[in-house]
Amino acid sequence: MQQVAGHLQEKKGYYYVVLNYKDANGKRKSKWISTKLPVKGNKKKAEAFLAESRRTFTVPVNANETDEADTVNTNKMKDMLFADYMIYWLNVIKPGVTLNTFSGYNMNVKRIIAPYFREKGITLGNLQPADIQKFYSERLKFVKANSVQKYHANIRKALTYAVKMDYIEVNPIFKVEKPKKNAFIGNFYNVDEIDKLFEAAKGTYLEMPILLGAFYGFRRSEIVGLRWKMIDFDENTITINHTITVTTIDGERYIMAEDRAKTKSSLRTLPLVAPVKEKLAVLKEQQESYRMKFKKSYNKNYTDYVCVDELGNLIMPDYITNAFPALLKRNGLRKIRFHDLRHTCASLLLKNGVSMKQIQEWLGHSDFATTANIYSHLDYNSKIMSANAMMEAVKINV
C-alpha cells in the first residue's frame with residue numbers, strides 16, 4: 001500500500017487537508033479535502049482529520065481518475081510568479097512550525113523576497129541561479145550578510161519543497177553562493193559601567209530585568225517568563241524552564257508563553273545568590289501588597305510571574321527592548337543592546353577565571369563551540385596561561 005503524505009493548509013479561514021501521492025504512472029499528485037473546520041481553535045481536530053485522511057485515502061487506479069478542482073496542476077505552478085509561489089509556500093509550512101519561526105519567514109518573504117521578485121516578473125519555472133545571486137547582491141547594499149543568509153534559508157526551503165512536489169525538476173539554489181556569515185563580537189560593560197547601570201535602574205520596571213540579565217546572563221524571553229514557583233527561597237535556586245515571546249504576523253500581535261527554552265541546554269537551574277534573593281523577596285512582598293491594594297483592578301492572569309507592574313500586567317519583551325536604550329540615554333551611559341548584558345555576564349566570568357565550559361552551562365548554550373566562538377576573543381586568562389607554559393618550555397636569553 002502506497003504511503004500517502006499530507007499536510008494542513010489554511011484557506012479562507014478554514015483548514016484543508018492536502019494529500020500528496022503518486023498516480024499509476026508515477027506522477028506526483030495533490031488532492032485537497034475540506035475539513036470544514038475553522039482555523040481558530042481547531043488545530044488538533046484538523047490534525048486528527050489529516051491523520052485519518054492519510055490512513056483511509058485510496059490512490060486512484062486509473063491515472064486519469066483525478067479531480068481537477070482539487071489537484072494542483074504542475075504546469076500552472078511552473079507558470080506561477082516566484083513571488084506568488086513564496087506566499088503559497090508560507091501557507092504550506094505554517095501549520096508545521098512555531099509562530100515565532102513562522103513570523104520570521106513571513107516577514108522575510110512578504111517584506112523583502114516577494115516584492116523584489118514580483119517586480120522582476122520571474123516565474124517559478126524560469127527562476128535561475130543568477131536571479132537569486134543578483135537578489136543577494138542587491139540586498140547586501142542595505143543589510144548585513146547574516147540577513148541575506150536568512151533569505152537564503154527561506155528560498156532554499158521553498159524551492160526544496162517545489163522539487164519534492166515536482167513543480168520544478170532542479171533546485172537552482174544549489175548553484176548560488178550565499179554570503180559568509182558576519183563574525184560576531186558582542187558588546188559589553190565593564191564593572192564600573194554595570195554599577196552605574198544598576199543604580200540608574202533602581203525603582204524602574206527595568207531594575208529586575210537588568211539585574212537578571214547582567215548577573216545570570218538570562219535571555220530577555222527567559223526573564224519575562226520567570227515565575228515565582230521556579231524560585232526556591234529555601235534551597236536557594238532559580239530555574240529557567242519557561243519563556244515568553246511576542247511576535248507580529250500580518251499586523252496581528254501574538255504573545256506566546258511556553259514551557260520550553262531556546263534549546264534543551266537552556267533549561268537550567270542556577271544558585272540564587274544572597275543579594276538577588278533579597279531583591280526578589282522585596283519584590284514579591286511589593287506585588288502582594290499591590291494585589292491587596294488594587295483588588296479587582298489587579299490583573300490576575302500573571303500572578304505567578306516575577307516581572308509585572310503595579311497592576312499585575314506583564315512587562316513585555318518589547319517594552320524592555322525599547323525602554324532599555326532610553327534609560328541609558330537619560331543617564332549618560334554608553335549605548336549597548338539589552339542582549340549585551342548577557343555578553344557582559346560572560347566577559348566578567350571569563351575575567352574572573354571561570355572556564356569556557358562552565359560559562360556554557362551558566363548561559364545555557366547548546367554546545368561548547370557556541371560559547372567558544374562567541375567569547376574566545378575575551379579569554380585573556382587562557383592566553384596568559386599559554387604564554388607562561390611557553391616560557392617554561394622555551395628559555396629565551398635576554
Side-chain angles (χ1 to χ4, degrees), residues 98-104 106-107 186-189 193-194 196-231 238 240-262 266 276 279-280 282-284 286-291 293-294 297-345 364:
T98 65
L99 275 179
N100 244 349
T101 299
F102 181 77
S103 175
N106 190 68
M107 182 174 65
N187 205 349
F188 56 91
Y189 270 0
E193 289 174 310
I194 280 293
K196 291 176 182 177
L197 177 61
F198 285 165
E199 188 63 32
K202 278 184 180 177
T204 72
Y205 293 150
L206 289 176
E207 182 176 4
M208 188 53 64
I210 285 174
L211 177 61
L212 296 173
F215 189 89
Y216 287 106
F218 288 164
R219 301 175 178 92
R220 187 183 61 166
S221 61
E222 295 170 344
I223 293 168
V224 179
L226 184 62
R227 296 170 295 179
W228 289 114
K229 65 182 177 183
M230 290 295 104
I231 299 172
I238 183 168
I240 292 298
N241 71 344
H242 184 78
T243 61
I244 285 187
T245 53
V246 177
T247 191
T248 302
I249 300 174
D250 296 333
E252 189 170 352
R253 182 179 168 90
Y254 296 87
I255 299 172
M256 291 162 288
E258 301 173 289
D259 289 330
R260 59 185 292 273
K262 187 176 181 182
S266 298
V276 178
K279 282 188 173 293
L280 284 168
V282 170
L283 180 61
K284 200 170 193 299
Q286 284 180 345
Q287 290 181 6
E288 288 170 357
S289 68
Y290 287 140
R291 276 199 295 274
K293 179 179 179 180
F294 295 110
S297 298
Y298 196 87
N299 187 347
K300 304 294 194 303
N301 294 327
Y302 302 106
T303 52
D304 192 36
Y305 286 87
V306 173
C307 295
V308 297
D309 64 18
E310 293 92 335
L311 293 176
N313 299 310
L314 192 66
I315 296 172
M316 293 296 178
D318 44 359
Y319 170 81
I320 295 174
T321 300
N322 296 326
F324 184 69
L327 176 75
L328 300 184
K329 188 175 182 180
R330 283 197 308 271
N331 291 275
L333 293 167
R334 181 164 58 88
K335 184 178 178 180
I336 61 171
R337 304 168 307 160
F338 184 82
H339 192 76
D340 288 327
L341 294 180
R342 184 168 164 84
H343 304 315
T344 296
C345 172

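- In terms of heavy-atom proximity, Pro317 sits nearest to Val246 at CD-CG2, 3.7 Å.
- Remark: Lys300 NZ is packed, more than 12 non-hydrogen atoms of other residues, nucleotides or ligands lying under 6.0 Å away.
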Step by step, would you call Tyr216 with Leu211 a side-chain contact (heavy atoms from CB on, under 4.5 Å)? CA-CA 8 Å; Tyr216 287 106; Leu211 177 61; over 6 Å; no

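- From Ile255, atom CD1 reaches atom OG1 of Thr247 across 11.5 Å, with rounding to the nearest 0.5 Å.
- For the atom pair OH (Tyr189) and CG (Leu341), the distance works out to 8.0 Å, reported to the nearest 0.5 Å.
- A 4.5 Å side-chain heavy-atom check between Leu283 and Trp228 finds at least one atom pair inside the cut-off.
- Looking only at side-chain heavy atoms (C-beta outward), Leu327 and Tyr205 stay at 4.5 Å or farther from each other.
- Of the inter-residue distances, the one linking Leu206 atom CG with Leu328 atom CG reads 9.0 Å to the nearest 0.5 angstrom.
- Contacts of Arg291 classified as side-chain hydrogen bond (donor to acceptor under 3.5 Å, both in side chains), with partners at least two apart in sequence or in another chain: none.
- When all heavy atoms of Leu311 and Asp309 are compared, the closest pair comes out as N-OD1, 3.0 Å.
- By the 4.5 Å heavy-atom criterion applied to side chains, Arg220 and Ile223 are not counted as neighbours.
- A distance of 8.5 Å separates NZ in Lys293 from CD in Glu310, rounded to the nearest 0.5 Å.
- The closest side-chain heavy-atom distance from Val282 to Gln286 is below 4.5 Å.
- Pairing each heavy atom of Cys345 with each of Gly213, the nearest pair is CB-O, 4.3 Å.
- Applying the side-chain hydrogen bond (donor to acceptor under 3.5 Å, both in side chains) test to Lys202 and every residue at least two apart in sequence or in another chain returns Glu199.
- Listed here is the closest heavy atom pair of Ile249 and Tyr254: CB-CE1, 3.9 Å.
- Here the shortest heavy-atom pairing between Ala201 and Glu207 reads O-CB, 3.3 Å.
- Scanning all heavy atoms of the two residues, the minimum distance from Gln287 to Tyr305 falls at OE1-O, 3.6 Å.
- Looking only at side-chain heavy atoms (C-beta outward), Ile238 and Leu212 come within less than 4.5 Å of each other.
- Not a single donor-acceptor pair under 3.5 Å links the side chain of Ser103 to the backbone N or O of Leu99.
- Evaluated for a side chain to side chain donor-acceptor pair (under 3.5 Å) with Asn187, the options His343, Arg334, His339 yield exactly one hit, Arg334.
- If you take CG on Asp304 and CG on Leu226, they are separated by 9.0 Å, rounding to the nearest 0.5 Å.
- Contact annotation: the side chain of Phe198 approaches that of Ile210 to within less than 4.5 Å [non-hydrogen atoms, C-beta and beyond].
- Here Arg253 pairs with Asp318 under the salt bridge (Lys or Arg N to Asp or Glu O under 4.0 Å) rule; sequence neighbours left out.
- Rounding to the nearest 0.5 angstrom, the gap separating the CG atom in Leu333 from the CZ atom in Phe324 is 8.5 Å.
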